[in-house]
Amino acid sequence: MKATGIVRRIDDLGRVVIPKEIRRTMRIREGDPLEIYTEKDGEVIFKKYSPLGELSDFANQICESMHKTTDCVTVVCDRDSIIAVAGTNRRELLDKRISSDLEQIMEARRIYRLEQGSSSIPVAEGNEKYCISVAAPILSEGDVLGCVVFATPKNNPPTGEIEYKLAQTVATFLGKQMEA
């Protein structure tokens, strides 16, 4: 764990303010769930909680199925990082932080589709190899939980109508699973 040198006091209601610099760096937004646990040595740890992370095994199976059906690289991510990948070396994308452009696509709450001649958007931060062809946000009870993505190597043509509909369907399905 990295020391920040920032000290905060707990108020009379038991609250502590997480400094803006840490919230920005860790992409902690208002309303984000945090998991709180303690260590034996007295440390209190705040960890971003990903409801979609609970479905990572299920998301892996879905990615594998979509890859077998379409032969495309498939990705499922939560609001911060990639939780499931199929169709490429997992180490290239799995657990990597999503690009800020993909984060904006999710926040727009609309399905994104790469058009011929448009500039490509990377899936992961610092990885220009794979770009978004189709991205369908996963919505549950009005909240954005993540995204289903079909990715292509940079400068490849966009995927077709089948991938567009499949991403939309799987995103809707995962959203409904989170409501149940």
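- E43 contributes atom CD, which lies 9.5 Å from atom OH of Y37 (distance to the nearest 0.5 angstrom).
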What's the verdict on side-chain contact (heavy atoms from CB on, under 4.5 Å) for T74 and V85, showing C-alpha distance, side-chain angles and the deciding distance?
CA-CA 6 Å; T74 57; V85 179; over 6 Å; no
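- The minimum heavy-atom distance linking I132 with L102 is given by the pair CD1-CD1, 3.7 Å.
- Between the CD1 atom in I111 and the OG1 atom in T172 there is a gap of 8.5 Å [rounded to 0.5 Å].
- Pairing each heavy atom of N127 with each of P122, the nearest pair is O-CB, 3.5 Å.
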Please walk me through it: do M106 and I98 pass side-chain contact (heavy atoms from CB on, under 4.5 Å)?
CA-CA 11 Å; M106 285 191 280; I98 63 168; 3.1 Å; yes
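- There is a path of hydrophobic side-chain contacts, each under 4.5 Å, that joins M178 to F173.
- For the atom pair K20 NZ and I28 CD1, the distance stands at 14.0 Å (nearest 0.5 Å).
- A salt bridge does not link E103 with R97: none of the charged nitrogens is closer than 4.0 Å to a carboxylate oxygen.
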Determine, step by step, whether I121 and C131 satisfy the side-chain contact (heavy atoms from CB on, under 4.5 Å) criterion, reporting the C-alpha distance in whole Å, the side-chain angles of both residues, the deciding distance to 0.1 Å, and the verdict.
CA-CA 5 Å; I121 298 172; C131 297; 5.8 Å; no
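- In plain terms, the two heavy atoms of V123 and A151 that are nearest each other are CG2-CB, 3.8 Å.
- V148 and F58 fall within a single hydrophobic cluster, where Ile, Leu, Val, Met, Phe, Trp and Tyr side chains are chained together by heavy-atom contacts under 4.5 Å.
- Applying the 6.0 Å contact sphere to CG of L34 captures more than 12 heavy atoms from other residues, nucleotides or ligands.
- For the salt bridge (charged side-chain N to carboxylate O under 4.0 Å, His left out) condition, the pairs that include at least one residue of residues 135-160, sequence neighbours left out, are E128-K154.
- A136 and A167 make their closest contact through CB-O, 3.5 Å (heavy atoms, listed as atom of the first residue, atom of the second, distance).
- S133 OG to F150 CZ: the interatomic distance, rounded to the nearest 0.5 Å, is 9.0 Å.
- Between A171 and I138 the shortest heavy-atom distance is O-CG2, 3.8 Å.
- Side chain to side chain, T152 and Y130 fail the donor-acceptor criterion of an N or O pair below 3.5 Å.
- Hydrophobic clustering of Ile, Leu, Val, Met, Phe, Trp and Tyr side chains at less than 4.5 Å, counting indirect connections, unites V75 with V144.
- For the pair D95/I82, no side-chain contact is recorded, criterion being any heavy-atom separation below 4.5 Å from C-beta on.
- Around CZ of R23, the count of heavy atoms belonging to other residues, nucleotides or ligands within 6.0 Å exceeds 12.
- For the atom pair SG of C147 and CZ of R109, the computed distance is 12.5 Å after rounding to the nearest 0.5 Å.
- Looking only at side-chain heavy atoms (C-beta outward), L139 and L145 stay at 4.5 Å or farther from each other.
- Hydrophobic clustering (side-chain heavy atoms under 4.5 Å, transitive across Ile, Leu, Val, Met, Phe, Trp, Tyr) keeps L174 apart from Y112.
- The hydrophobic cluster containing V17 does not contain I6, counting ILVMFWY residues as joined when their side-chain heavy atoms lie under 4.5 angstrom apart, directly or transitively.
- Heavy-atom minimum distance, T70 versus M66: OG1-O, 2.7 Å.
- In this structure, R8 and I18 have side chains that are not in contact, with every pair of non-hydrogen atoms separated by 4.5 Å or more.
- At least one side-chain heavy atom of E163 sits less than 4.5 Å from a side-chain heavy atom of C72.
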Give the C-alpha distance, both sets of side-chain angles, the deciding distance and a yes or no for salt bridge (charged side-chain N to carboxylate O under 4.0 Å, His left out) between K96 and E125.
CA-CA 7 Å; K96 301 290 190 253; E125 209 171 77; over 6 Å; no
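- Interatomic distance, CG of L166 versus OG1 of T159, reported as 10.0 Å (0.5 Å rounding).
- Under a 3.5 Å cut-off, the side chain of S118 and the backbone N or O of L114 do not form any donor-acceptor pair.
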Stepwise, does the salt bridge (charged side-chain N to carboxylate O under 4.0 Å, His left out) test hold for E39 with K47?
CA-CA 13 Å; E39 293 288 328; K47 182 178 177 185; over 6 Å; no
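- In this structure the side chain of V134 never reaches within 4.5 angstrom of the side chain of V149, judged on heavy atoms.
- With salt bridges taken as basic N to acidic carboxylate O contacts below 4.0 Å, one links R90 and E64.
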Full working for side-chain contact (heavy atoms from CB on, under 4.5 Å) between E161 and R113:
CA-CA 10 Å; E161 189 67 23; R113 185 181 200 172; 3.1 Å; yes
